[in-house]
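All remarks here apply to the structure that follows.
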Amino acid sequence: MKIIVVGGAEDTAKVAFQEIKATLKKKPNATICFPTGSSPLPLYKAMVADFKKSKTSYKNVVTFNLDEYKGLGAKHTQSYRYFMDTNLFNSIDVNKDNIHFPNGVIKDLNAECNRYHEELVNNHRDIQILGIGSNGHIGFNEPGTSFDSVTHVVSLSASTIRDNSRFFSSIKEVPKQAITMGLSEIIDSDKIILIATGINKAKAIRDCVKGPIDENCPASILQKHDNVILILDKEAASLL
Ligand code: GLP
C-alpha cells in the first residue's frame, strides 16, 4: 500500500485528482467507480473547477457508484444518486448513458443486485475511489461481510446509521438498508484510491493498514491488492 499523508482535505483532492488525470490521459474512456460522503467531496469540487477551467473531458468515461440507500430515488436530496448528480455529474460532460448506479427504489432489490453485478462483470474498473466508515466499512460492507461478496442488500449497523444521520434532519430518517457493491467487486479494479480525513477515521485506517486481513475490518481486504493508494490527512493517519 502506498500511503500519502497530506495537510488537509483540500490536499487529498489534489493528490487524488492527479491520479485520475494521469489515468484519463492514457485512457480517456476509463471506467471509474465513485463513492459518496464527505471524504471525496473536495475531489469532486476540484474536478468541477478543473472542468470549467481546463475542459478535461469525461465524455467517454464510464462511471459506477458504490452504493445507494434503499427507498431513496434520484430526486430525493439524501439519495446517493442526487449527491453525485449535484456534486459532480451535472457539472462535467459525462455522458448520462455511461453512468451506472444501483437503483434503491426498485421493487425486486435482489434482481437489481444481480443486474448491477452483471454490469460490473462487463465493465472492468480502472480506478476505484473509496472513503471508509469509522467501523472500517467500505461501500456499505459492514464488519463481518464476506470478502467474496458481490452486490447485495445490507442492513446498516447502528454506528453507520448514527454516523450518516448528520446528513439527515433526524436519525429516524436514515434508511436502515442499502444496496452496496460487494467486497470482491470493489477490489476488482486496476487501482484503488482511498481518501480518509479526520480523527474519527484513525482507528479504521490503523485496522485497514496494520490489522490482520480479517472480515471484521472490511477495509483490510485492501492489503490483498497490489495497487492501493491511501490519501490521508494527519488525523486519519495518527494511529499508523
Ligand atoms: C457511507 C458510504 C461510504 C463512505 C462512508 C464514509 O457509509 N456508504 O461509501 O465511505 O459513508 O463517509 P464520509 O466520507 O462522509 O465519512
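Counting starts at 1 for both ligands and their atoms, following the listed order. Throughout, numbering of the chain's residues begins at 1 and tracks the sequence. Worth knowing before you read on, the calculation uses all heavy atoms, side chains too, and leaves out hydrogens, waters and symmetry mates.
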Look at the side-chain heavy atoms of Ile, Leu, Val, Met, Phe, Trp and Tyr, link any pair under 4.5 Å apart, and say whether [X] and [Y] land in one connected group.
X	Y	value
M84	I186	no
F83	F64	no
F147	I192	yes
I4	I193	yes

What is the closest protein heavy atom to [atom], and at what distance does it sit?
atom	value
atom 6 (C) of ligand 1	I132 O, 3.5 Å
atom 12 (O) of ligand 1	G37 CA, 4.1 Å
atom 2 (C) of ligand 1	Y80 OH, 3.7 Å
atom 4 (C) of ligand 1	T36 O, 4.1 Å
atom 5 (C) of ligand 1	H137 NE2, 3.7 Å
atom 14 (O) of ligand 1	S39 OG, 2.5 Å

Query raised in the report: Can the ring centres of F140 and Y69 be said to be less than 6.0 Å apart?
Result: yes
Requested in this report: Compute the shortest N/O to N/O distance between F140 and ligand 1 and return yes if it is under 3.5 Å, no if not.
Outcome: no
Report task. Pick out which of L130, N87, I99, I129 makes a side chain to side chain contact (heavy atoms under 4.5 Å, CB included) with F34. Result ->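 It is I129, the one option of L130, N87, I99, I129 that forms the side chain to side chain contact (heavy atoms under 4.5 Å, CB included) with F34.
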Query raised in the report: Does even one non-hydrogen atom of R166 get within less than 4.0 Å of ligand 1?
Result: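 Distance cut 4.0 Å: R166 passes for ligand 1.
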Query raised in the report: To which of G133, P35, G139 does the heavy atom nearest atom 3 (C) of ligand 1 belong?
Result: G139
Query raised in the report: Nearest non-hydrogen atom to atom 8 (N) of ligand 1 belongs to which of D67, I186, L41, N141?
Result: D67
Query - Contacting atoms of ligand 1, where contact means under 4.0 angstrom from a heavy atom of G131 - result: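 That gives atoms 10 (O) of ligand 1.
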Report task. Assess whether salt bridge (charged side-chain N to carboxylate O under 4.0 Å, His left out) is satisfied between R115 and E118, documenting all intermediate values. Result -> CA-CA 5 Å; R115 179 196 70 81; E118 283 308 312; over 6 Å; no
